[in-house]
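By convention here, the first residue in the shown sequence is residue 1.
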Amino acid sequence: MEFTLRVTVTHPAASLRAALTTWQVPKTQRHELRIHRRVLVNDRYLHFNEPVSPGDVVTMTIVDTTPPQYLLAPTPLALAYADAHLLVVNKPTGIKTHPNRPDETGTLLNQVAAYLAPRPAYITHRLDMATSGLVVIARDPITQNILNRQLATKTMARSYVALVPTGLPATGTITAPIGRDPADKRKRMVRPDGAPAITHYRVMNTTAGVSRVRLTLATGRTHQLRVHLAYLGFPIIGDPLYSTVAAPRLMLHADEITLAQPFTGEALTVTCPVPF
């Protein structure tokens, strides 16, 4: 499948190669663009060592021979943001982010695939099934790689709101490493040989024995927020794995994402209301 991306240069670059590097186009894709002459400047081929100027239009043609395939599930999406390169979708609680089998449907990616069809959807990160909130979906493989790099370099910030029992100190950082729970394959636990995990938190307010907490991820381990808060003795209310305090749902919602717009670098912050 071919993708055509057109980007208007906003800052001068010493070379086309430098511009592509600044835009965080991965090295392997820069190589493919160069050897197959699939990048044009103002609709003509330009050698990679030639400069580009503000106002120049760079057109990249990307070929993905194995785009992701999901069964289509036409369902109304709660779109929080959309542009030519990405979507930010508000995932409801109770559905998975992506299928685990080719024949599986009913996940957020099945819904997004139906929305974008016949173009594919490219996942960048996930939320637990019980967690609601913002998920970023790329519309092409270059944007997916750019967003994945932002996640890896921590230039994409993800913020959550949770409800926990009262008593949590006002602010703090949790640095306990997380690994698998040998007694339950569904769960994770704090353990000395676990992967490094860092969570920042701030208590927003407290009413009727419940604290509303702002949580920010510095790493992205499976169940990280749930495990870290349970480790401190303040498990998220309604958590079926780590809490004994019942609620209609897991009281955890990803309400804010900040990222750098692919190809421009401009800061983009997307928010959505907390449903509890």
Side-chain angles (χ1 to χ4, degrees), residues 1-7 20 23-39 59-153 156 158 185-186 217 220-224 254 257 259-263 268 270 272:
M1 179 172 287
E2 284 193 356
F3 299 83
T4 301
L5 283 68
R6 293 175 65 86
V7 182
L20 294 171
W23 295 335
Q24 296 186 331
V25 176
K27 186 175 181 180
T28 55
Q29 289 174 327
R30 297 200 306 265
H31 176 72
E32 289 293 317
L33 290 169
R34 181 179 62 82
I35 64 172
H36 295 295
R37 293 197 167 201
R38 292 191 181 126
V39 58
T59 304
M60 293 170 277
T61 300
I62 300 93
V63 178
D64 187 355
T65 57
T66 57
Q69 301 289 331
Y70 301 103
L71 294 178
L72 305 186
T75 305
L77 284 178
L79 281 177
Y81 176 82
D83 64 25
H85 303 297
L86 60 89
L87 306 176
V88 184
V89 184
N90 184 3
K91 184 188 86 68
T93 185
I95 70 169
K96 295 195 291 188
T97 301
H98 60 85
N100 295 324
R101 305 184 314 273
D103 63 342
E104 189 175 0
T105 187
T107 76
L108 182 69
L109 262 294
N110 297 114
Q111 297 173 7
V112 174
Y115 177 82
L116 292 177
R119 312 300 282 179
Y122 291 82
I123 189 171
T124 63
H125 67 106
R126 62 183 292 276
L127 293 177
D128 295 338
M129 181 174 178
T131 304
S132 58
L134 298 176
V135 177
V136 183
I137 309 293
R139 302 179 75 151
D140 63 80
I142 283 188
T143 298
Q144 181 189 40
N145 282 327
I146 291 171
L147 294 172
N148 285 343
R149 180 172 176 80
Q150 291 188 30
L151 284 163
T153 59
M156 182 187 294
R158 293 174 287 163
K185 65 180 182 180
R186 300 171 303 162
L217 287 170
R221 309 303 173 197
T222 300
H223 294 182
Q224 178 175 315
I257 287 181
L259 55 89
Q261 281 273 28
F263 308 109
L268 170 68
V270 182
C272 67

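Gln144 CD to Leu86 CG: the interatomic distance, rounded to the nearest 0.5 Å, is 12.0 Å. To the nearest 0.5 angstrom, Arg30 atom CZ is 10.5 Å from Ile142 atom CD1. Interatomic distance, Asp140 CG to Ile146 CD1, rounded to the nearest 0.5 Å: 7.5 Å. Between the CD1 atom of Ile257 and the OG1 atom of Thr124 there is a distance of 7.5 Å, given to the nearest 0.5 Å. Taking CG from Leu151 and CE from Met156, the interatomic distance works out to 4.0 Å, rounded to the nearest 0.5 Å. Once rounded to the nearest 0.5 Å, the distance linking CG of Leu134 with OG1 of Thr131 reads 12.5 Å.
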Go through the steps to decide whether His85 and Leu5 satisfy the test side-chain contact (heavy atoms from CB on, under 4.5 Å), and finish with yes or no.
CA-CA 9 Å; His85 303 297; Leu5 283 68; 4.2 Å; yes
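For CZ of Arg149, the number of neighbouring non-hydrogen atoms (other residues, nucleotides, ligands) closer than 6.0 Å is 12 at most.
Taking each heavy atom of Ala121 and Pro68 in turn, the nearest pair found is O-CG, 3.1 Å. Taking both residues in full, the closest heavy atoms of Leu72 and Ala114 are given as CD2-N, 3.7 Å, listed atom of the first, atom of the second, then distance. Ile62 and Pro141 get closest at one heavy-atom pair: CG2-CG, 3.7 Å. Scanning both residues, Leu109 and Pro99, for their nearest heavy atoms gives CB-CD, 4.2 Å.
Using bins of under 30°, 30° to 60° and over 60° for the plane-to-plane angle, the ring pair Phe263/Trp23 lands in the perpendicular bin.
Side-chain contact between Tyr122 and Pro67 is present, with heavy atoms from C-beta onward closer than 4.5 Å. Under the 4.5 Å side-chain criterion, counting only non-hydrogen atoms from C-beta, Leu79 is in contact with Tyr115. Side-chain contact between Tyr81 and Val136 is absent, with no heavy-atom pair separated by less than 4.5 Å. Between Val63 and Arg38, the closest side-chain pair of non-hydrogen atoms falls below 4.5 Å. Taking the side chain as every heavy atom from C-beta outward, Gln111 and Val89 never approach each other to under 4.5 Å.
The salt bridge (charged side-chain N to carboxylate O under 4.0 Å, His left out) pairs that include a residue from residues 63-85 number zero, where partners must be two or more places apart or lie in different chains. Annotation: salt bridge (charged side-chain N to carboxylate O under 4.0 Å, His left out) contacts involving residues 87-112, sequence neighbours excluded, comprise Lys96-Glu104, Arg101-Asp103.
Not a single salt bridge (Lys or Arg N to Asp or Glu O under 4.0 Å) links Arg34 to another residue, sequence neighbours left out. In this structure His125 satisfies the ring pair (Phe, Tyr, Trp, His ring centres under 6.0 Å) test with no other residue, sequence neighbours excluded. The side-chain hydrogen bond (donor to acceptor under 3.5 Å, both in side chains) test applied to Asp128 returns Arg226, not counting sequence neighbours. Under the side-chain contact (heavy atoms from CB on, under 4.5 Å) criterion, Ala260 pairs with Gln150, sequence neighbours left out.
Stacking of Arg139 on the aromatic ring of Phe3 is not recorded, the 6.0 Å distance cut-off and the 45° axial limit not both being met.
In this structure, Thr75 contributes its side chain and Ala73 its backbone to a donor-acceptor pair below 3.5 Å. Looking at Thr97, its side chain does come within 3.5 Å of a backbone N or O of Leu127 through a donor-acceptor pair.
With Leu77 as the fixed residue, the side chain to side chain contact (heavy atoms under 4.5 Å, CB included) test singles out one of Leu108, Leu116, Ile137: Leu108.
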